[in-house]
Amino acid sequence: MAEKKKRDHFGSKIGIIAAAVGSAVGLGNIYRFPCMAGENGGGAFLIVYLGIVLALGLPMIASEFMIGRRAQKNPVGAFKALASGAKGWSIIGYTGVLCGFLILAFYTTVAGWTLESVYKSVINYYHGKDLATIEQGFNDSINLTFRPLLWQAVFIFISAFVIAKGISKGIEKYSKILMPTLTVILIILCVKSLMLPGAFEGLKFLFKPDFSKINDQVLISALGQAFFSMSLGMGALITYGSYISKEDNLVTTSLTVGLSDTFVAILAGIIIFPAAFSFGIQPEAGPSLAFNTLPMLFNQMKGGYLFCLLFFILLVIAAWTSALSLLEVIVSYLIEELKLSRRKATIYSSAGAFIISILAALSLHNDSSLTIFGLTIFDGLDKITSMVMMTLGGLFTVIFLGWKVKRQDFENEFTNGGTVNMRLRKIFYYIIKFIAPAAIAVIMVSQFII
Ligand code: PFF
């Protein structure tokens with residue numbers, strides 16, 4: 001009898017951590033988080049964010065890993081397999097696959113800018129230019145048709161290249177090289193930023209809490225940011241969980257992933273704000289800070305050529321390892337549910353993602369009429385995925401694990417068959433069954449009422 005082909009797995013604990021932290025740490029940490037913190041009360045936002053990470057984020061990372069590892073399947077297959085025949089639950093999985101496509105669309109657009117910025121750094125484009133000229137150049141390139149699309153295509157290609165190689169020889173191998181590189185660059189840039197005169201003002205901006213700015217908007221923004229940053233609620237961690245070995249302690253792995261992700265977000269703030277303040281610039285929100293202001297600032301520092309280049313390489317690596325997990329959600333679905341080969345699944349999913357990303361990119365043109373809900377397609381996709389699809393996905397994922405999966409199976413998976421985490425299992429069960437769904441629901445509902 002032909003032996004069933006064995007599923008590919010991560011080969012080591014370090015490999016799992018590198019890949020999962022790689023998924024979590026991305027553009028969301030390095031350029032979305034500092035802007036959010038800046039806009040929503042600095043230290044006050046940070047406190048709310050940390051609360052959400054500890055109370056909800058960490059248990060949810062573990063939940064997704066548990067579902068994936070228990071089922072040994074992609075998100076659609078996993079909900080089907082664990083729902084004991086109740087078909088409706090697989091909708092969460094399908095929504096995750098769709099969400100993967102939608103995130104990839106705007107994510108690759110920004111990733112394309114990061115590649116272009118690496119190129120501009122290499123040719124020393126930023127040198128001697130003032131902010132207005134750099135901004136003009138950035139806007140001009142966004143408004144071009146082919147160049148941004150070309151960079152997007154390059155980015156999708158390098159992501160597809162890794163995915164086509166599979167888990168241990170692709171995602172794991174590359175993450176184990178890329179994530180240490182990212183860490184080294186982060187540390188170098190942090191040290192540089194902290195040594196700038198006036199750095200303290202920047203730190204104050206990031207860490208000093210302004211509680212008057214906390215309101216419901218801040219809560220839902222922090223929730224959306226936490227979900228986006230930790231890659232929650234759309235099946236990425238279910239997919240990676242399905243490649244984790246049965247011996248791995250999911251509690252320590254989840255803690256490492258969630259805390260590293262948060263730490264990197266804070267480090268990114270420590271790079272960005274001191275640099276801005278030491279040059280007397282009020283950090284404004286949005287892409288301009290990372291793509292225009294920072295290169296201009298770096299180029300006024302000693303050794304600026306190198307720091308600027310390192311900063312954009314950092315962004316490329318962060319985006320790349322995150323895109324891998326987004327693509328893998330779709331690819332694993334196509335392989336296991338629609339029986340495609342990995343090669344074909346990779347080609348179809350990356351081509352599909354590229355096509356939607358063209359719409360996202362073109363919607364940013366000055367004269368574009370490509371809009372949804374009154375926003376550009378680019379902004380619309382960002383909001384719909386992080387604030388609606390991922391939060392709802394997360395809500396139903398914890399409801400599923402707490403209420404649908406048998407308690408015995410739940411505890412078995414959490415404790416690796418009764419060998420680890422025995423003391424934590426009850427409290428974890430109650431968090432997933434009652435606290436997590438209630439907390440997410442309250443934040444979401446309060447948003448609608450207001
Ligand atoms: N966590 C990534 C970031 O912070 O940039 C974004 C992301 C990656 C979201 C993978 C969802 C996902 F499945």
Side-chain angles (χ1 to χ4, degrees), residues 18-37 49 52-53 57 60-61 64-65 67-68 74-75 92-93 95-111 113-114 155-156 159 162-163 171 175 178-179 182 186 221-243 257-269 287 290 314-333 349 353 357 381-394 397:
V21 174
S23 166
V25 169
L27 298 170
N29 301 60
I30 300 174
Y31 107 111
R32 205 169 183 266
F33 176 84
C35 294
M36 285 267 187
Y49 185 81
I52 292 181
V53 168
M60 290 197 50
I61 296 177
E64 294 207 10
F65 281 157
I67 292 177
N74 66 89
I92 311 174
T95 315
V97 175
L98 175 66
C99 195
F101 267 119
L102 300 183
I103 295 178
L104 270 172
F106 65 88
Y107 214 73
T108 42
T109 306
V110 182
W113 303 342
T114 65
F155 180 77
I156 296 218
S159 308
V162 177
I163 288 297
I171 299 177
S175 303
L178 292 172
M179 292 317 285
L182 176 137
L186 259 179
S221 303
L223 186 74
Q225 173 63 23
F227 275 56
F228 187 80
S229 189
M230 284 181 278
S231 311
L232 289 170
M234 46 78 55
L237 299 186
I238 295 183
T239 311
Y240 276 12
S242 75
Y243 306 129
V257 174
L259 296 181
S260 310
D261 182 66
T262 308
F263 194 55
V264 171
I266 295 174
L267 287 185
L314 174 77
L315 281 176
V316 170
I317 296 179
W320 191 9
T321 49
S322 294
L324 295 182
S325 66
L326 288 162
L327 262 181
E328 183 61 25
V329 171
I330 308 166
V331 167
S332 64
Y333 162 72
S349 54
S357 78
L381 290 178
D382 180 341
K383 293 258 158 16
I384 293 170
T385 50
S386 71
M387 284 168 136
V388 183
M389 293 178 83
M390 297 174 94
T391 34
L392 274 179
T397 302

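Positions are given from 1, in the same order as the sequence printed here. Please read these numbers as outputs of a predicted model, since none were measured by experiment. For ligands, and for the atoms within them, numbers begin at 1 and follow the listed sequence.
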Item checked: Minimum heavy-atom distance between Ser357 and Thr109, given as atom pair plus value -> O-OG1, 3.8 Å
Notebook entry, point to check: Has Arg32 got any heavy atom lying under 4.0 angstrom from an atom of ligand 1?
Noted result: no
Check: Quick one: which ligand 1 atoms are inside 4.0 Å of a heavy atom on Met390?
Finding: 9 (C), 11 (C)
Notebook entry, point to check: Quick check: does Tyr107 get an N/O under 3.5 Å from an N/O on ligand 1?
Noted result: yes
Item checked: Identity and distance of the protein heavy atom lying nearest atom 12 (C) of ligand 1 -> Leu326 CD2, 3.3 Å
Notebook entry, point to check: What atoms of ligand 1 come within less than 4.0 Å of a heavy atom belonging to Ser23?
Noted result: 1 (N), 2 (C), 8 (C), 10 (C)
Checklist line | Nearest heavy atoms of Ile171 and Val162, plus distance in Å | finding: N-CG1, 3.7 Å
Next item on the list: Kindly give the heavy-atom pair with the smallest separation between Ala318 and Ile30, and that separation in Å.
Entry: CB-CD1, 3.9 Å
Checklist line | atom 8 (C) of ligand 1: the protein heavy-atom neighbour that sits closest, reported with distance to 0.1 Å | finding: Ser231 OG, 3.4 Å
Notebook entry, point to check: For ligand 1, which atoms have a heavy atom of Asn29 less than 4.0 angstrom away?
Noted result: 4 (O)
Note to self: To the nearest 0.5 Å, what is the distance between OG on Ser242 and CD1 on Ile67?
What the structure shows: 12.0 Å
Check: Relative to the heavy atoms of Met234, which atoms of ligand 1 are at a distance of less than 4.0 Å?
Finding: 11 (C), 12 (C), 13 (F)
Note to self: Could you tell me, atom by atom, which parts of ligand 1 come under 4.0 Å of a heavy atom of Ala24?
What the structure shows: 1 (N), 2 (C), 3 (C), 4 (O)
Next item on the list: Report the C-alpha separation of Met389 and Ile384 in whole Å, then their side-chain angles, then the decisive distance to 0.1 Å, and conclude whether the side-chain contact (heavy atoms from CB on, under 4.5 Å) test is met.
Entry: CA-CA 6 Å; Met389 293 178 83; Ile384 293 170; 4.0 Å; yes
Check: Between the candidates Tyr31, Phe33, Phe228, which shows the shortest non-hydrogen contact distance to atom 6 (C) of ligand 1?
Finding: Phe228
Next item on the list: Hey, could you give me each pair passing salt bridge (Lys or Arg N to Asp or Glu O under 4.0 Å) that has a residue in residues 26-35? Not counting sequence neighbours.
Entry: Arg32-Asp382
Check: Short list, please: which atoms of ligand 1 are under 4.0 Å from a heavy atom of Ala236?
Finding: 13 (F)
Margin query: Are Leu237 and Met60 packed together at the side-chain level, in the sense that at least one heavy-atom pair is separated by less than 4.5 angstrom?
Written below: no
Next item on the list: Any chance you could measure Thr262, atom OG1, to Ile52, atom CD1, to the nearest 0.5 Å?
Entry: 11.0 Å
Next item on the list: Could you list which atoms of ligand 1 come closer than 4.0 Å to a heavy atom of Ser325?
Entry: 10 (C)
